[in-house]
Asker: 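Dumping the structure here so I can ask a few things about it.
Below, chain A is the first sequence line, B the second, and so on; all start at residue 1. Bear in mind the structure is a predicted one, so any value in this text is a computation, not a measurement. Only heavy atoms go into these numbers, but all of them, side chains included; no hydrogens, no water, no symmetry mates.
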Amino acid sequence: MLNSPQAEAVRSLDNPLLVLAGAGCGKTRVIIEKMIHIMQIKFCRPEQLYAITFTNKAAKEMQKRISKRLPNSEQICISTFHALGLQILKSETKHSGLRPGFSILDPGESSKIIQELVPRGIKKHLISELQWQISSWKNAGFRPSEISTTVPLNRDIYRQYLAYMNHINAVDFDDLIALSLWLLQDNPDVKARWQKKIAYLLVDEYQDTNACQYQLLKCLTDCGSHITCVGDDDQSIYGWRGAQPENLGLLAADFKNLQVIKLEQNYRSTETILKAANAVVQHNPHPFEKSIWSDLGSGELIAISSYDSIEEEAEQIATAIDFSTQHKHAQHTDFALLYRSNQQAKFIEQAFRKRNIPYHISGGRSFFDYAEIKDLMAYLRLLVNPRDNSAFLRVINTPKRGIGMHTIKRISQISKLRNLSFLQTCNQSDLSNQLDPKIAAKVRHFSDMITTLSRSRLPAETVLNQLLAQTDYINWIQHSANNQLAKINKTKLITDFVKWINAICNKQTTQLDDLINILSLQTNHDEEQQQGVALMTLHAAKGLEFKQVYLIGVEEGILPHSNSMDEADDPQQALEEERRLMYVGMTRAKSKLHISYVKKRKRKHPGQEKIATGPSRFIKEIPAEFIQTANSPERKQKIKQNFAALRAQLNQNP
DNA sequence: AGCTACGCATTTTTT
DNA sequence: ATGCGTAGCT
């Protein structure tokens, strides 16, 4: 059953709608019910219904939930912002300046391109700063011509970057949104077509939209009535990526007759957890007043513990979870450990492995981060997009075929002179005049293989198998692995990739270029192997819930993170965002929240001495009435139990 | 000359 | 456990 504001949000179809929903108040549910409602009253055809999320995970989850309720749900367009951008760019190649088969580059590749555009000898951190600058300009929706900067050189590099990306027929993640926006702005007829195509637009996690995404939304709906945005300003944690929680306010200014509905009843957490989280986030200024409440009872107090070292923190938590699962009927999946940065997971993993506690890490290293997968992706990209120099550079000598840096430099020079891509240059008939004939033969062998395969028009899975066979890739991987385990793991990686591709091909498209684009936007393969205790960053935890949550490393310098304030142009805003991160973490817990901090922690790289760190200021913002203090009788009792359990275990396996 | 292999510093959050 | 710089090696 929906509560009355939820039901009102679902039924409100005649005006633009903003749903301000607190954590755990059922905002995703509103989106799903609203889609079902729209379909049931036949307000539009399913392919005209668009739901936009930020992560693939959220999109998948939504797709799954709606497929249980509607027969033709797969025709509804549920996608991420980036996937929508891709869809627009792909269907409008006539106007975008891109050619079919264009590549999506990852940030590593885009960094290398910037490196090439910048004067030689520029320090690495300046390059990443420039990359960040370009990204921010795109996130703001600024074209090079629209920028007034104190450093005109940066703007020139931005311009050159866009030109080079176009030359190699590639886009980066930010381009998917920015180029889509510019395309619609420049072509009113295309814009009109898309506005017609989208009968109703629903946006999840609206507070995470950046200026560019906001403008895109405005373009797609023409400030029309058929938009529903769902968001929570207290959960805006992507400011560093250009997200503007101000977009919540802009909506009222730009969309006529905006209706605002608040969802304030929380169905997730106990009153204790909710009140404590609210008390923390109330230290931030609030343009929109919300008062979240719950009728789930007060429940347990929040446990706050301090430890001498990160190792001890990990050991104690592992022991406690072990104890709960063995003696208190708790499931491993009831628990989540949340932390500020990925590296904090390392010690927890060690402690968990020692005790054979099952766990999974989400968000960390993904399938697509493995060099082998990047190699194969680059091969596939090059087949579809012969202008993709980034892909070319990755695979020209992988596996090693005796083509080294100097040869590559030479190919690059010739390419520049003739305004060709690297692969096109390799296909030139006079190549053997330009290079050492022996090396030219090797280069030619490579380019022939690529060209033949790309012309073959074979189905994706066959192409991949051919590629693996002709490059002898698996053999090379096994040869380069230095131990047996690595050999097995890497081979499995490849076979998993092949399986993965077969699965996608069987399900939908066999077009190689579609396949590659889908894969490029896939960051982690969060397949249903989500067993055991969940380990993830606070960012990755948004939208999820767990019976018991451990927030670890809640110290000054970690949460709030020192870098976030040092590097921000507005430290106050950065601090507020860190506080919201704390709020998001706390509100993930349904019944029990544990918070811990460490007294001494290894600091940065130089000299590895441990430095004393204090508990986070956010801990002090939790009213004492909700806290079960570390030296309370219950706490002491628990420590005794844990210690006994640990000793028993150590005695069992000496 | 040009390529391969061994070694040294690196992590805030993500599509 | 990756990416870049400097040696040996063919």
Side-chain angles (χ1 to χ4, degrees), chain A residues 52-59 79-86 104-108 110-112 115 124-125 128 132 135 138-139 171-178 205 208-210 212-213 236-243 338-346 362-366 368-372 374 394 396-410 435-436 438-439 442 479-482 486 489 517-518 520-524 536-542 553 557-568 574 577-578 580-582 584-585 602 604-606:
Chain A
I52 309 297
T53 64
F54 274 84
T55 64
N56 293 309
K57 201 166 154 191
S79 79
T80 63
F81 258 106
H82 291 83
L84 174 67
L86 174 66
I104 301 170
L105 268 51
D106 68 36
S110 107
S111 160
K112 278 183 186 140
Q115 220 167 56
K124 234 184 129 184
H125 73 271
S128 61
W132 182 85
S135 173
K138 286 181 187 171
N139 287 165
V171 298
D172 63 26
F173 287 137
D174 301 322
D175 286 332
L176 289 169
I177 318 286
E205 305 284 10
D208 289 335
T209 52
N210 60 38
C212 195
Q213 287 160 336
S236 166
I237 54 176
Y238 286 102
W240 50 276
R241 211 169 75 179
L338 310 182
Y339 36 81
R340 176 67 233 262
S341 66
N342 278 309
Q343 58 196 115
Q344 290 173 260
K346 212 175 86 186
S362 37
R365 240 138 248 106
S366 99
F368 292 90
D369 286 339
Y370 289 99
E372 291 76 15
K374 283 185 179 171
R394 183 160 191 109
I396 176 67
N397 204 24
T398 316
K400 300 272 181 275
R401 39 175 83 83
I403 301 168
M405 205 173 61
H406 285 84
T407 309
I408 293 165
K409 279 266 149 66
R410 186 82 195 101
L435 301 172
D436 179 291
K438 263 188 179 168
I439 293 176
K442 291 176 185 172
H479 178 74
S480 68
N482 37 18
N489 283 338
N517 285 334
I518 292 168
S520 299
L521 291 183
Q522 216 78 46
T523 42
N524 46 1
M536 67 187 84
T537 63
L538 288 162
H539 285 87
K542 192 164 66 155
I558 303 281
L559 183 67
H561 202 284
S562 44
N563 290 359
S564 74
M565 276 124 83
D566 296 348
E567 282 166 32
E577 180 155 316
E578 296 289 305
R580 291 192 290 267
L581 217 35
M582 177 81 178
V584 167
K602 273 180 200 162
K604 303 243 160 150
H605 357 81

Asker: Using OP1 and OP2 only, check whether a side-chain N or O of A:Thr537 sits under 4.0 Å from B:dT14.
Answerer: yes

Asker: Represent DNA chain B in dot-bracket notation, 5' to 3'. Only Watson-Crick or G-U wobble pairs with both distances under 3.5 Å count; pseudoknot-style crossings use [ ] and interstrand partners use |.
Answerer: |||||||||......

Asker: Quick one: does A:His561 reach the base of B:dT12 with a side-chain donor-acceptor pair under 3.5 Å?
Answerer: no

Asker: Rounded to whole Å, please give me the gap between NZ in A:Lys542 and C1' in B:dT15.
Answerer: 13 Å

Asker: Side-chain N or O of A:Thr55 versus OP1/OP2 of B:dT14: is the shortest distance under 4.0 Å?
Answerer: no

Asker: Output the rounded distance in Å from CZ (A:Arg340) to P (B:dT11).
Answerer: 15 Å

Asker: Let me know, please, whether A:Pro107 or A:Ile439 comes out on the 5' side of the other along DNA chain B by nearest nucleotide.
Answerer: A:Ile439

Asker: What interatomic distance, in whole Å, is found between P of C:dG5 and the corresponding atom of B:dT11?
Answerer: 15 Å

Asker: Does a nitrogen or oxygen in the side chain of A:Asn56 sit under 4.0 Å from OP1 or OP2 of B:dT15?
Answerer: no

Asker: What is the separation between atom CG on A:Asp436 and atom P on B:dC3, rounded to the nearest whole Å?
Answerer: 9 Å

Asker: Please determine, for the side chain of A:Asn342, which listed nucleotide (C:dC4, B:dT15, B:dT14) has the closest atom?
Answerer: B:dT14

Asker: So, are A:Asp208 and A:Arg241 salt-bridged, with charged N and O less than 4.0 Å apart?
Answerer: no

Asker: Would you give the length of the straight line joining atom CD1 of A:Ile558 to atom OG of A:Ser341, rounded to the nearest 0.5 angstrom?
Answerer: 6.0 Å

Asker: Suppose you measure atom P in B:dT10 against the same atom in C:dT6; what distance do you get, rounded to whole Å?
Answerer: 15 Å

Asker: Check the distance between B:dT13's P and A:Trp132's CH2 and give it to me in whole angstrom.
Answerer: 17 Å

Asker: NA contact type, A:Phe54, heavy-atom cut-off 4.0 Å: base, sugar-phosphate, or nothing?
Answerer: sugar-phosphate

Asker: Just to be sure I understand the rule, does A:His406 reach a base, reach only the sugar-phosphate, or reach nothing, if contact means heavy atoms closer than 4.0 Å?
Answerer: sugar-phosphate

Asker: Write down the distance between CD1 (A:Ile237) and P (B:dT13), rounded to a whole number of angstrom.
Answerer: 12 Å

Asker: Return whichever of A:Thr407 or A:Glu577 has its heavy-atom-nearest nucleotide of DNA chain B closer to the 5' end.
Answerer: A:Thr407

Asker: Specify the separation, in whole Å, of atom CD1 of A:Ile396 and atom P of B:dC3.
Answerer: 11 Å

Asker: Taking the six-membered ring for Trp, are A:His539 and A:Trp240 ring centroids under 6.0 Å apart?
Answerer: yes

Asker: Tell me whether A:Phe81 and B:dT15 count as stacked here, given that the ring centres must be under 5.5 Å apart and the planes must differ by less than 30 degrees.
Answerer: no

Asker: Polar-atom pairs under 3.5 Å, protein N or O versus N or O of nucleotides 4-8 of chain B: list them with distances, or write none.
Answerer:
from: B:dT4; atom 1: OP2; to: A:Asn397; atom 2: ND2; distance (Å): 3.1

Asker: Hey, is the side chain of A:Asn139 poking within less than 4.0 Å of OP1 or OP2 on B:dT15, counting only N and O atoms?
Answerer: no

Asker: Under the 3.5 angstrom rule, does the side chain of A:Glu578 hit a backbone N or O of A:Ala574 as a donor-acceptor pair?
Answerer: no

Asker: With no hydrogens and no angle check, is any side-chain donor or acceptor of A:Glu577 less than 3.5 Å from a backbone partner on A:Gly239?
Answerer: yes

Asker: Could you check how far NZ of A:Lys438 sits from P of B:dC3, rounded to whole Å?
Answerer: 13 Å

Asker: Taking CD from A:Glu578 and C1' from B:dT12, how many angstroms apart are they, rounded to a whole number?
Answerer: 8 Å

Asker: Look for any protein N or O under 3.5 Å of an N or O in nucleotides 6-10 of chain C and output each such pair with its distance, or none.
Answerer:
none

